[in-house]
Amino acid sequence: PDMQPDDSYIDIKRPKTIEVTLNISLLEAVKGCKKSVSFKAQTRCDTCNGSGAVIDSIVTPCKNCNQQGFIKEGLFQVKLMCVSCKGFGKIIESPCRSCKGRGTIETTKTTEI
């Protein structure tokens, strides 16, 4: 799926690029230094183990888009996000409350560079 009209759609298959702006002094650039950097990233939901569904919830393949998450329409075969499954390719009867059915949650990560 190429379209992302709102925050409820996340393409888990493709890793996202994270950019962080970090200010350093000329001296730090010349001599080198270590800096701690925090950033927000999508990580697998531990509550549902990334499935997006409550345990024992019924998950059915989306028949509207053939489990693709998108529908091709028009003369030029434009990809449109499937409104039935919101781009996931499956319909979850009872979505996980922690991740709202997405399978991922936003967390803050810290690393040293």
For this session: Return yes when atom CD1 of Ile55 has more than 12 non-hydrogen atoms of other residues, nucleotides or ligands closer than 6.0 Å, and no otherwise.
Result: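 Atom CD1 in Ile55 is not crowded, with 12 or fewer foreign heavy atoms closer than 6.0 Å.
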
Exercise. Which heavy atom of Cys99 sits nearest a heavy atom of Gly103, and at what distance?
Worked result: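 Shortest heavy-atom separation between Cys99 and Gly103 comes out as SG-N, 3.2 Å.
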
Exercise. Does anything in residues 46-64 pair up under salt bridge (charged side-chain N to carboxylate O under 4.0 Å, His left out), and if so which pairs, sequence neighbours excluded?
Worked result: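 Of all non-adjacent pairs touching residues 46-64, those that pass salt bridge (charged side-chain N to carboxylate O under 4.0 Å, His left out) are Arg44-Asp46.
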
Transitive ILVMFWY cluster of [X] at side-chain heavy atoms under 4.5 Å: who else is in it?
{"X": "Val83", "value": "none"}
{"X": "Ile58", "value": "none"}
{"X": "Leu27", "value": "none"}

Exercise. How many angstroms lie between atom CZ of Phe88 and atom CD of Gln67, to the nearest 0.5 angstrom?
Worked result: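 Here the interatomic distance stands at 14.5 Å.
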
For this session: Tell me, with the steps shown, if Cys82 and Cys62 meet side-chain contact (heavy atoms from CB on, under 4.5 Å).
Result: CA-CA 9 Å; Cys82 177; Cys62 182; 3.8 Å; yes

All N/O donor-acceptor pairs, side-chain side in residues 29-40, below 3.5 Å, sequence neighbours left out:
| from | atom 1 | to | atom 2 | distance (Å) |
| --- | --- | --- | --- | --- |
| Lys35 | NZ | Glu28 | OE2 | 3.1 |
| Ser38 | OG | Thr110 | OG1 | 3.0 |

For this session: Take Lys109 and Thr107 through the test side-chain contact (heavy atoms from CB on, under 4.5 Å) and record every step on the way to the result.
Result: CA-CA 6 Å; Lys109 297 198 169 225; Thr107 57; 4.2 Å; yes

For this session: For side-chain contact (heavy atoms from CB on, under 4.5 Å), just list the numbers for Thr104 and Cys45, CA-CA rounded to whole Å, side-chain angles, deciding distance to a tenth of an Å, and then say yes or no.
Result: CA-CA 5 Å; Thr104 62; Cys45 177; 5.9 Å; no

Problem set entry | For Ser57, side-chain hydrogen bond (donor to acceptor under 3.5 Å, both in side chains) partners two or more places apart |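 Not a single residue meets the side-chain hydrogen bond (donor to acceptor under 3.5 Å, both in side chains) criterion with Ser57.
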
Validation row: [X], [Y] side chains within 4.5 angstrom (heavy atoms):
{"X": "Val59", "Y": "Ile91", "value": "no"}
{"X": "Ile92", "Y": "Lys90", "value": "yes"}
{"X": "Cys65", "Y": "Cys85", "value": "yes"}

For this session: Kindly work out whether a path of hydrophobic side-chain contacts (I/L/V/M/F/W/Y, heavy atoms less than 4.5 Å apart) joins Ile113 to Val20.
Result: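 Hydrophobic grouping puts Ile113 with Val20.
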
